[in-house]
Amino acid sequence: MLAALAPRLDRFLQAPVDALFRFLDRFFQYTYRETNKGVYALFKSPEKISEAAKAAHARGFTHFDCLTPFPVHGLEFDMGLKRSKVPWITFFAGLTGFFTALALQTGVHEQVMPRIFEFFDAVPNLRSYPLNFGGKPTFSWPPMVPIWFELTVLFGGHTTVAGLILLAKMFRPSRKPLHPSITDDSFCLWIPSDSANYTEDGVADFMKGLGPSYVARVDGDQQTTLHGAA
């Protein structure tokens, strides 16, 4: 009985994960895609990979990617991608942090809660000490500003890092780089087999015309050199 139930349980638990990644793919336009079949080329300068990205976009290839040893300014626009939506994660997370700080400090501040909230008086610290020190206003907001700022930055910063890791699908020990020099001094243009206008020979000829130092075909764990020396 358990053996028959396991596949159904797997599908049930996997469904929300698949739905999450479908949403991320649609909303953020670009997320890292796990593909293991296609053709890649290596270039020796940021200018070369920028030109290759523009040419690939103009040729109508889709789902292609550029893998570089360091960030190349403007490369996403060369690839035809729009501005990243990651700042929206930062914005809404920061807004959540701000309102959390506001609710937290307002909730524990005496005499601020209107009479309608007396129902919640049982909550600890929520009207427990209605003291007025030195004639100060009951809602003195300036001292709250540092807490607003701190929680806004805290929520925004941590959520941005978590969102970036999620979108980039990082920290997968089983993932292998296409070529070891990509993490050193080479810039890679990768066109997967599910790209539009993809034919293996056509993509290989297209890449050779861009002046790469190396071109290879990938099929799972197997690589075949098409141009240059590894």
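Values reported hereafter were calculated over all heavy atoms of this structure, with side chains retained and with hydrogens, waters and symmetry mates removed.
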Scanning both residues in full, the closest heavy-atom pair of His63 with Ser195 reads CD2-CA, 4.5 Å
Working to the nearest 0.5 Å, report the span between CZ of Phe77 and CG of Leu75. 10.5 Å
What's the shortest heavy-atom distance between Val72 and Phe187, and which atoms? CG2-CE2, 4.1 Å
With Phe64 as partner, the option from Val39, Val203, Leu189 fulfilling side chain to side chain contact (heavy atoms under 4.5 Å, CB included) is Leu189
Should we count CD of Gln222 as having more than 12 external heavy atoms under 6.0 Å? no
Tyr214 ring center within less than 6.0 Å of His179 ring center: yes
Pick from Leu151, Val153, Thr152: which one makes a side chain to side chain contact (heavy atoms under 4.5 Å, CB included) with Phe149? Val153
Heavy-atom pair of closest approach, residues His57 and Asp78: CB-O, 3.9 Å
When rounded to the nearest 0.5 Å, the distance separating NE2 of His227 from OG of Ser213 is 7.5 Å
Using 30° and 60° as the class boundaries, would you call the ring planes of Phe206 and Phe61 parallel, tilted or perpendicular? tilted
Name all pairs fulfilling the salt bridge (charged side-chain N to carboxylate O under 4.0 Å, His left out) condition that reach into residues 197-218, sequence neighbours left out, sorted by first residue then second. Glu200-Arg217
In terms of hydrophobic clustering (I, L, V, M, F, W, Y; side-chain heavy atoms under 4.5 Å; direct or indirect links), are Leu178 and Leu42 co-clustered? yes
If you group Ile, Leu, Val, Met, Phe, Trp and Tyr by side-chain heavy-atom gaps below 4.5 Å, do Ile165 and Phe155 land in one group? no
Look only at the side chain of Thr199 and the backbone of Gly202, and say whether a donor-acceptor pair between them is shorter than 3.5 Å. yes
Just say parallel, tilted or perpendicular for the rings of Phe91 and Trp88, cut-offs at 30° and 60°. perpendicular
Please list, chain by chain and in numerical order, all residues satisfying side-chain hydrogen bond (donor to acceptor under 3.5 Å, both in side chains) with Gln223, sequence neighbours excluded. Tyr40
For the hydrophobic clusters of this structure (ILVMFWY residues joined by side-chain heavy atoms under 4.5 Å, transitively), does one cluster hold both Phe70 and Phe43? yes
Same apolar cluster (I L V M F W Y, side chains within < 4.5 Å links), Val145/Phe99: yes
Between Val218 and Ile182, is there shared hydrophobic-cluster membership here, with clusters defined by ILVMFWY side-chain heavy atoms closer than 4.5 Å? yes
